[in-house]
Amino acid sequence: MYRTLFSIWLLMLIFFTSCKSKVEKTMEGSWSIDTIIYKQYEIQNCLSVNIFSFKELSCNLPITRERCEDLVVEYEGEGQWEVEKTDSIPLVLKIETKNMIFSGVHRMTFRKDEQNKLLKMELRSDSLYVICRKGLFDYDGNQDLVNDLIKISH
């Protein structure tokens, strides 16, 4: 009986794990911010850290320092995320958070940086523009995945 229950549990775990899309699996982990423009202002120097990360159900977002008080001060660093495909936009990243910089719906596009061997992601909404790169990513070993992500997001 225990073997049967264990087998069922194992099959369910494998099934639910495999249900994650390539995009969601790739999103998980850390992303270094190369460019961040919020309401037409470059705010990279305002951020406390230059990285955001995505976990299975949550994300850690950068907060701003007080020296950027004239632009935006944001102390909320946690949120939830979801990737969706729509009819009009190939990929959308929804971030739910009290952090007004990142909260909302963003068009998501993947790109190659062949010279530096990096996977890059661009996020764009009415108020936010971000270019970031995937940390600890085996670019050479994942060329098929990189090409698939680019195709899916364009």
Side-chain angles (χ1 to χ4, degrees), residues 3-40 42-44 46-64 74 76-154:
R3 283 186 181 183
T4 305
L5 288 174
F6 179 74
S7 297
I8 292 171
W9 179 83
L10 185 61
L11 287 172
M12 287 176 55
L13 181 65
I14 291 169
F15 174 75
F16 286 117
T17 303
S18 65
C19 285
K20 276 191 209 175
S21 72
K22 292 177 186 180
V23 176
E24 292 167 324
K25 288 179 185 177
T26 305
M27 287 292 297
E28 291 182 356
S30 296
W31 293 82
S32 298
I33 299 171
D34 294 330
T35 302
I36 181 166
I37 298 170
Y38 178 67
K39 294 188 176 180
Q40 300 183 2
E42 170 62 55
I43 64 166
Q44 190 159 3
C46 300
L47 301 178
S48 60
V49 294
N50 202 33
I51 294 174
F52 51 76
S53 63
F54 296 91
K55 299 173 190 147
E56 189 170 331
L57 299 173
S58 64
C59 54
N60 291 320
L61 306 163
I63 59 173
T64 56
E74 190 55 68
E76 180 61 46
E78 296 181 2
Q80 296 178 347
W81 64 281
E82 176 182 14
V83 174
E84 289 185 359
K85 284 187 166 192
T86 67
D87 294 333
S88 58
I89 301 172
L91 282 180
V92 170
L93 174 64
K94 289 184 177 181
I95 300 177
E96 291 183 28
T97 179
K98 292 180 182 175
N99 184 320
M100 18 185 266
I101 296 170
F102 293 96
S103 182
V105 177
H106 313 283
R107 179 185 174 150
M108 183 168 55
T109 308
F110 291 98
R111 300 188 294 184
K112 289 185 196 186
D113 180 344
E114 292 179 352
Q115 182 177 1
N116 297 306
K117 297 188 176 196
L118 297 169
L119 173 63
K120 292 200 170 185
M121 177 176 61
E122 178 181 298
L123 301 175
R124 185 182 296 267
S125 68
D126 292 340
S127 60
L128 183 68
Y129 176 73
V130 176
I131 296 176
C132 53
R133 62 180 112 151
K134 175 76 172 168
L136 301 174
F137 182 75
D138 180 9
Y139 181 85
D140 290 328
N142 287 296
Q143 281 299 298
D144 289 340
L145 174 61
V146 171
N147 291 331
D148 285 348
L149 292 170
I150 291 168
K151 185 178 178 182
I152 291 168
S153 68
H154 284 89

Taking atom [atom1] of [X] and atom [atom2] of [Y], what is their separation to the nearest 0.5 Å?
X      : Y      : atom1 : atom2 : result
Ser48  : Leu61  : OG    : CG    : 10.5 Å
Leu93  : Glu84  : CG    : CD    : 10.0 Å
Ile43  : Ile101 : CD1   : CD1   : 4.0 Å
Lys22  : Leu149 : NZ    : CG    : 7.5 Å
Arg111 : Leu118 : CZ    : CG    : 11.5 Å
Leu123 : Tyr129 : CG    : OH    : 10.0 Å

Hits for side chain to side chain donor-acceptor pair (under 3.5 Å) against Lys112, two or more places apart or cross-chain, chain-then-number order -> Asn147

Are [X] and [Y] close enough that some pair of their side-chain heavy atoms sits under 4.5 Å apart?
X      : Y      : value
Leu128 : Ile36  : yes
Glu28  : Glu56  : yes
His154 : Thr109 : yes
Phe137 : Val146 : yes
Lys120 : Asp34  : yes
Arg107 : Pro90  : yes
Met108 : Val23  : yes

Considering residues, nucleotides and ligands other than [X], do more than 12 of their heavy atoms fall under 6.0 Å from its [atom1]?
X      : atom1 : value
Asn116 : CG    : yes
Glu96  : CD    : no
Glu78  : CD    : no

Contacts satisfying ring-ring contact (aromatic ring centres under 6.0 Å, His included) that involve residues 97-123 (not counting sequence neighbours) are Phe52-Phe102

| said: Using modelled atom types and a 3.5 Å cut-off, is there a donor and acceptor pairing between side-chain atoms of Glu122 and backbone atoms of Arg124? | reply: no

- Message: Test your reading of the model: is there a side-chain donor-acceptor pair from Asn99 to the backbone of Glu76, 3.5 Å cut-off?
- Response: yes

Check the pair Phe54, Glu24 against side-chain contact (heavy atoms from CB on, under 4.5 Å), reporting the backbone distance first and the verdict last.
CA-CA 9 Å; Phe54 296 91; Glu24 292 167 324; over 6 Å; no

Asp138 meets the salt bridge (Lys or Arg N to Asp or Glu O under 4.0 Å) criterion, sequence neighbours left out, with none

Please give me the minimum heavy-atom distance between [X] and [Y], naming the atom from each residue.
X      : Y      : answer
Gln80  : Cys59  : N-SG, 3.9 Å
Cys132 : Ile33  : CB-CA, 4.0 Å
Ser125 : Val105 : CB-O, 3.3 Å

Which of Val130, Leu119, Ile131, Ile51 passes side-chain contact (heavy atoms from CB on, under 4.5 Å) with Trp31? It is Leu119

May I have the step-by-step check of side-chain contact (heavy atoms from CB on, under 4.5 Å) for Thr64 and Leu47, ending in yes or no? CA-CA 4 Å; Thr64 56; Leu47 301 178; 4.2 Å; yes

### Message
Quick one, Glu74 with Met100, criterion side-chain contact (heavy atoms from CB on, under 4.5 Å). Give me CA distance, side-chain angles, the key distance, then yes/no.
### Response
CA-CA 7 Å; Glu74 190 55 68; Met100 18 185 266; 2.8 Å; yes

